[in-house]
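Here's the structure we're looking at; comments come further down.
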Amino acid sequence: MLRPDFFDQDARELAPALLGVVLRRRVGALWLAAAIVETEAYLRSERASHSSLGRTPSREPMFMPAGTLYLYHSRGGPSLNLSARGEGDAVLIKAGLPWVDERSGPRSLEAMHRLNPKRDGSARPERRLCSGQSLLCRALDLRVAEWSGRTFDPEAFYAEAGPRPQSILQTRRLGIPAGRDEHLPYRFVHGEHADAATENPLRKRGWVEGVEYRVSG
DNA sequence: CCAAAGATGCGCT
DNA sequence: GCGCATCTTTGGG
């Protein structure tokens, strides 16, 4: 399990640092797992963040110590965030890649598919099973009422070191309305797993490296 | 209490 | 790329 002080850094540093981290979630006797492949940083000081809209009970976890889980609902699905060092700052976990290893075997992957099928009931392609903030929460059975305001729990849901990216893609956040600091380059994508992100910057028509996105590492 | 607003997801073109 | 279904939360916009 990652040490609590890992989360105690600026959201713009924590967001890329979380790429490759493996989320482990126990459902019954099975441990489900996904590696984080896409994150977004949100600061209280800019207008896209929920914390910038003011303090309410549901937003309170954003203001709690670094590492506090903040889950909220939007358009019918939950989203997972981690509070960062600055009060009101947080990182949105935007996409993951189903992670299969000794701890989480084929039966765990099947359980994730059952938790998050397509609307017609059929299975999603594996790389698309957690490729969205709500898709990830569904595949890991993470609900707002159960987890928001809590911290990781080694018995039920926690994070540990995983496949570090050799390169990181940095670009603008998705779904931010005009006038809400939509230009800030606070989205980070795992360079080797960009196809599992909600949107792969490398496949965007007309996007040029160094202009619409940057590559580091 | 209820209309409106989402840090979405999907299917169709 | 674009329109629409979806559905919980919010606060009176």
| Which part of the nucleic acid does A:Arg124 contact within heavy-atom distance under 4.0 Å: base, sugar-phosphate only, or nothing? | sugar-phosphate
| task | Determine whether A:Ser83 and A:Phe7 make a side-chain contact, defined as any pair of heavy atoms from C-beta on separated by less than 4.5 Å. | result | no
| Base, sugar-phosphate alone, or nothing: which one does A:Gly132 contact when heavy atoms must sit under 4.0 Å apart? | sugar-phosphate
| Nearest-angstrom distance from the residue atom CD of A:Glu199 to C1' of B:dG9 | 13 Å
| query | Under a 4.0 Å N-O cut-off, is there an ion pair linking A:Arg55 with A:Glu60? | reply | yes
| task | Mind calculating the distance between CG (A:Asp181) and P (B:dA7) to the nearest angstrom? | result | 14 Å
| Tell me: NZ of A:Lys118 to C1' of B:dC12, nearest whole Å? | 14 Å
| request: Just name whichever nucleotide pairs with C:dT8, Watson-Crick or G-U, keeping both distances under 3.5 Å, else none. | output: B:dA5
| A:Asp89 and A:Arg44 ion-paired at < 4.0 Å | no
| said: Could you tell me how far apart A:Arg187 (CZ) and B:dT8 (C1') are, to the nearest whole angstrom? | reply: 14 Å
| message | Could you check whether atom CH2 of A:Trp147 has more than 12 heavy atoms from other residues, nucleotides or ligands sitting under 6.0 Å from it? | response | yes
| query | Do the charged groups of A:Arg26 and A:Asp153 touch, with an N to O distance under 4.0 Å? | reply | no
| request: Would you kindly give the CG-to-P distance between A:Leu71 and B:dA7, to the nearest whole Å? | output: 14 Å
| request: With the side chain of A:Arg59 defined as its heavy atoms from C-beta on, choose the nearest nucleotide among B:dC10, C:dG11, B:dA7. | output: C:dG11
| remark: Atom CZ of A:Arg119 and atom C1' of B:dC12 are separated, to the nearest Å, by 12 Å
| field | A:Glu146 with A:Arg25: basic N within carboxylate O range, under 4.0 Å | value | yes
| field | A:Glu160 with A:Arg103: basic N within carboxylate O range, under 4.0 Å | value | no
| Rounded interatomic separation in angstrom, taking CG from A:Leu174 and C1' from B:dT8 | 11 Å
| query | Do A:Ile176 and A:Tyr42 have side chains that get closer than 4.5 Å, going by heavy atoms? | reply | yes
| message | Suppose the criterion is side chain to side chain donor-acceptor pair (under 3.5 Å): which pairs have a residue in residues 202-212 of chain A, not counting sequence neighbours? | response | A:Asp195-A:Arg203
| field | Atom-to-atom span, CG of A:Asp120 to P of B:dC10 - whole angstrom | value | 11 Å
| task | May I ask you to say what A:Leu92 touches in the nucleic acid, namely base, sugar-phosphate or nothing, with a heavy-atom cut-off under 4.0 Å? | result | base
Atom pairs, protein N/O to nucleotides 1-3 of chain C N/O, distance under 3.5 Å:
none

| How would you label the contact of A:Ser79 with the nucleic acid (heavy atoms, under 4.0 Å): base, sugar-phosphate, or nothing? | nothing
| field | Min side-chain heavy-atom separation A:Arg85-A:Leu14 under 4.5 Å | value | no
Report each atom pair, protein N/O against N/O of nucleotides 4-6 of chain B, whose distance is under 3.5 angstrom.
unit_1 : atom_1 : unit_2  : atom_2 : d
B:dG6  : N2     : A:Arg75 : N      : 2.8

| said: If I pick the C1' atom on C:dG13 and the same atom on B:dG6, what distance separates them, to the nearest angstrom? | reply: 14 Å
